[in-house]
Every structure is written in C-alpha cells, then in structure tokens.
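All remarks here apply to the structure that follows.
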Amino acid sequence: MDHFREPVKADCEELLGRFQATESVRYEQFVQIWKDMDFSSIFHGKPELNERRRFARLILSVVSPYFLPPYTFQIRVGGLYLLYGLFNTQLATPREKIRIALKDWNDVTQFQKDAVNAQHYDVVYVFRKLLSDKAFYFTAMPTPLNFRIKREDGKRRKICEEFVDPPSRPQELVTTDVLEEIANIHEHYEGLKKATFTEPDPNLDIVQQNLVPKLNSTILTYCNWQINHTKSEQQDAGEGPSNQEASKSRRHRQTELVSEAAPDISQKVSSKKKRFPSLKTRTQLRFKTQGKSCPPR
Amino acid sequence: MAKCSTLMSEQKQHENVPVYEFMDVNSKEFHVGTFRDLWLDVLNPEVYSYSDTASEIEDVGFIEEMGIEPKTLEELKSICRLRKRRQDYKETLTRDTVDRHEVYANEMEMISVGKKPDNLRDLIPEGEIILTFNIMYPILFQRFKHVRAYQTLQVLGSQKLSDLRDAICCVSDLQVFGEFSNNPDMVPQFISKDHYKSAFFFFNGTFFNDTRFPECQDISTTTQEWARTRDFPEFKTAKMEDTSFYDLKMKVGFPYLYTHQGDCEHVVILTDVRLVHRDDCLDIKLYPLITHKHRVVTRKCSVCHLYISRWITTNDAFAPTEPCLFCDQCFRMFHYDDEGNKLGDFLAYAYVDPGTFN
C-alpha cells in the first residue's frame, strides 16, 4: 500500500495547486475543482474492504500535514476541505478517522480562531461539521510508529515550496517589538553615558548612532528585493483580481514590518504564474466572476 | 511558592506532549496519564463523547457564536453538502482468490469492530486511552526472517500490565516437557504455562515483574546483576499487577521487551496511544483486544498430510527426516505394535504446533 504514497501525494498537490490558483478560500471554488478532477473516484477500484480501509488511512495521513503549519492559510483551508471531502467519500465502513496529535492541537485551534476572526464562515462550518461527525482520533503522534529505520529516502517529507510562505527569517528576527526594545536600550545607554561623563568622549562612541533606523531600512530593502526578485522571475501579470476574502485572510499573519497585504498577494500570483492558467481560470480572470459566491454577511 | 508550583506544572505539561525523538521512527518519553489529562483539558467533552448532539442544538450554537443569520447557515449547509458517487464497473471488479491473511484479518475484524456491550456497566468510560501494542513472535527459523510476524493487542489505559501479559499468546507457553517414547499414553496434562509463571516487561529502565503467584521468581535479577558489573545505569523493579498503563512513561514506536518462560523474549512496540472513539469496540470485557495476528501455517503429519502433528521424533530409524512430525494415529501405527510395545529405537516428544492460535 505504501507504493501508492507518491502518486497520491502528486494528485493531492495537483488539487491544492489548482485551489491555490483560485486565490480564494471559498468552498464553492474547491468543489468546482473537486468535481472537475472527479476526485472521489480515487477510492474506486478496490474490491476488498481491508484494502479500502488501508488506502483510506494512507490518503488521510498524506493529506493531514497540509492542514498544519508551515503551509499558508489558503493551503491549510484547502487541506481542510480536502480532508472533509475524503472523509465523506471514502468507501470503508465504519469510516477511517483523521488523526490529530496533541502537539498540533494548538495550531488547529489557532487556525479556527483565525478563520472566525476573518469571518470565513464556510471554513468554520466545515471544521465544526467534521468535529460533530466525530471524524478525528486524538492521538499522541500523527501516525502509528513502528520503529522503521530503513524507510527514509527523503522524498516522503518533501514540502512543496509553492505552498509555503517564502522564507522571511530577517523579518522574523527584526520585528517592530525588537526594534522598540533596541531603541529603548540605546536611549538608556546614551543617557547613562551622558550621566557618567560630562564631556562626550569620541573614543567611547562604540555603538552606531543610528542603529535602529538603519536596521529598519535594511529589512525593508530586503523585503522589496524579495518581491521584485520573484516578480521578475515569472511573467508579471499584475495583482490579479483583488479578492476581498483573500486579503482578509492575510490580515492575521504576523508580517512584521511589511504590513501591507498587497505585496504578499502579488507574490503568490506571480509565483503561481509558472503554471499556464486553464481556460476556465482565464475566463474568470477576464470577466471577474469571482467574489460573487461569498456568503452574505 | 504558588508561582513556582504553577511554573513547574506548566513545564510538566509541556514535557508530556509527545514529540518525535527521531522523525517518523519514535517519540520521546511521556507520561501516559498526564498525556490523557492534557487532551481532556483542551477538548470540549462533546467532541469525544459517544453520543451525538442534536443537530438543532448545534445549529443554534453555531449561529450564536458566529453572529450570523439562520438563512446564512442554511446556505452554508447546502453549499457544503457532499454527494457520494456510485462506483462504476463494480460488477466486473473481482479477485480470483483471497489470500489467507486477508481472510483471517476479516474474521478478526468482524468479532470486535463496533461492538457495544449488553451490560452498560461494561461500557468503556468516555475519555479513556487506548494503547496499541505490536508484539513480535520470537524468531526461531532462519528462513522466516524476512517477514516480521507479530500480533497487535489493544489495551485500555486503566488496565494493568498483568492483563496484557495474560493476553499475549505465545506457543512456548504450551510446550510440554518430557520424553515419552516408552509411555506414549502418559503425556502429562500440565503445560509450561503452568510450570514457569515468571515473566517481566522492561520499559525505560524498569523491570515490571509478575508476582501474582508464589512460583513466580524475579527473573530479571540475573540481568540486573550482570548490568551492575558493567557500565550500565541502575535498573529499577516494580510489580506488573500493580501498575496500570496510566502510570507508565513510554515512548511511542520504541522497542521494549517482554520475557517469559525464562528465555522466551518478545520485542514489544507501542505503536499508538489515543482517546477512545465511538466507533471502537466499547465492551470492556473484550479488552485486551487482539486486532491482528500473524497466521502461521500449521504443520501436518509427514505421513498422512491430513492431521495436525502432535509428536516429533528424533533418532528414529523409520522416519524419513530428522526430526520428523507425526499425528497421533500415524505415530502409534508406525512405532508401536498391536500390544503397544515399542518398535525400534527412537525418542518422541510432544509437539505443539505454532499455528495453534489460528
């Protein structure tokens, strides 16, 4: 059954990739893609109940990581919808459950809070429906472990780069809080120096005077470089349809200094432009029919 | 002082969240009872209860919590409904033969899945922990090293280690000692299981001994004394029948040891720890529950190839192989005349087939 792992992962990434290209987190979009790919037929073709059960277990364990960090919010929503679809269309009875480990539960609750705050009702509804259908096993570890040492060949743990936010280590290191603290300490330091020495001695100027502004500008430059770099690599198609829901979903993320949501969206669009958009996508882009299917507030 | 203790308890909680020690191989050590408490703290009891909340109550809760209109909820429901597609070509999908492992697994599943007890007192309480152990058969044959034969047992967190010990089926428990070529009718009725009652589990530096019967000795003392002469840390001992699984600190996916009969050693791996679910077998009397057992082929008599062998002979001039298996009837016909006198020179032992547990 393990030999199915690679193809199943490829299929799921295909579906999630298409979902990412829609730039939305709406369930209707997901269902379109699902029906398009006829995804529920992934379970067909197995006559034995045992095999159906094992396959259902395999595919649920392959998809579960997409529901958790470090994937982006949109991919996580896609993962949730995918789990919902797979859980309900599986052919094993009684149904195979989705495993959640204790260490990941905090991320799950945080995700739900974010969805509530951003008023993504369909996300919240789907999650609660899964909870009330008792679709989860609350476990110690994400998969049953059997002390298999030999198995690894690196492919299993590979994370699709396009589903993850681009590396933002400098931004994470130098946040507004950190800058404030450094500025405070700097002030204190200067104050102490002045208090101890009446005459400012040039030999004591060890620290750069404008440390904080310099840091700030460096980080901003880096950010802009990142954006321009990815933009120039792909064909630039502009911002794409500015979907209200999508921009709200970016709101909660801690993009420290780069607080605008716009650069992030354009980044996503430009990085996805590698894949030639389907006729459907192009039509929708042209006529801007997206955004109509959100539930009224 | 109060602050210090809350800090310590927070740290204790943090330590008991299971994480990987080696990725996809095994986890770090954690206390099972605390792990359960951690889960029960963060979950709404409805989420792990066996019964369903009525959908109207859920709807009302959702509407109030999200501050939306009932109309919106109806719209959500209609959008998020999934329809099942019927499988095409179902009639032409057939398998010619189903192998015996599948048949066996199907039978095992039918016994236990979704079983609810008749008596409500036997219902497993909600929020109980189920631990899944894989117990390997001791490897005896060179030829069969490619397939790892094991049985899977599920136990409840509140059960004792001795319950697990009693549920493990090993063929070495049934061996009968003695050479009976001269008196084939006097095979004694007692088996090794009754003779040698000592056993121990070894988890994370502690030997858990079975001390229920007066015949049980502490067979771990040999290992402990040996370890003391080398550079090993000190090992502890405890009683098997006093320890429940909630008291243990375990690593998931890490191999441990179970020894009985003095030297019959089994590798034991804890593969899974989780909260009990509505669809599990909920009858407490059925636990420890066997969910998977590797089916060994039963060895038939060398003569008739029909009956299961009960005797094994060595040094036998009549037999084609050394040693040789016989069923009871063939054995007597072959080696004894009508009056029951022994013919020829041979040694005969009682044979218990490894496939007896099928």
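Naming convention: chains lettered A, B, ... in sequence-line order (proteins, then strands); numbering from 1 in each chain. Bear in mind the structure is a predicted one, so any value in this text is a computation, not a measurement.
Contacts between B:Phe22 and chain A at a heavy-atom distance below 4.5 Å are absent for every atom of the residue. If you measure heavy-atom distances from A:Asp133 to chain B, the contacts under 4.5 Å come from the backbone alone. Only the side chain of A:Lys97 comes within contact range of chain B, with heavy atoms under 4.5 Å apart. Contact annotation for B:Asn26: both backbone and side-chain heavy atoms come within less than 4.5 Å of a heavy atom of chain A. Interface residue A:Phe138: backbone and side-chain heavy atoms are both found under 4.5 Å from chain B.
Looking at heavy atoms from C-beta onward, B:Val25 lies in side-chain contact with A:Phe147 at the 4.5 angstrom threshold.
When the shell of 6.0 Å around NZ of A:Lys103 is examined, it contains more than 12 heavy atoms from other residues, nucleotides or ligands.
Contact tally against chain A (heavy-atom pairs below 4.5 Å) for B:Asn44, B:Leu43, B:Val276, B:Leu270: the top residue is B:Leu43. With chain B as partner, the option from A:Thr109, A:Leu131, A:Val124 having the largest number of non-hydrogen pairs under 4.5 angstrom is A:Val124. The most heavy-atom pairs under 4.5 Å with chain A, out of B:Ile130, B:Val252, B:Ile129, come from B:Val252.
Counting only distance, with no hydrogens or angles, the side chain of B:Trp39 and the backbone of A:Thr139 share a donor-acceptor pair below 3.5 Å.
Under the 4.0 Å criterion applied to side-chain N and carboxylate O atoms, A:Lys134 and B:Asp279 are not assigned as salt-bridge partners.
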Begin with the C-alpha distance, continue with both residues' side-chain angles, and end with the deciding distance and a verdict on side chain to side chain contact (heavy atoms under 4.5 Å, CB included) for B:Tyr48 and A:Phe136.
-> CA-CA 9 Å; B:Tyr48 57 84; A:Phe136 294 110; over 6 Å; no
Let me see the working for A:Leu145 and B:Thr271 under side chain to side chain contact (heavy atoms under 4.5 Å, CB included), right down to the final yes or no.
-> CA-CA 5 Å; A:Leu145 297 170; B:Thr271 55; 5.9 Å; no
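Scanning both residues, A:Pro142 and B:Tyr20, for their nearest heavy atoms gives CD-OH, 3.7 Å.
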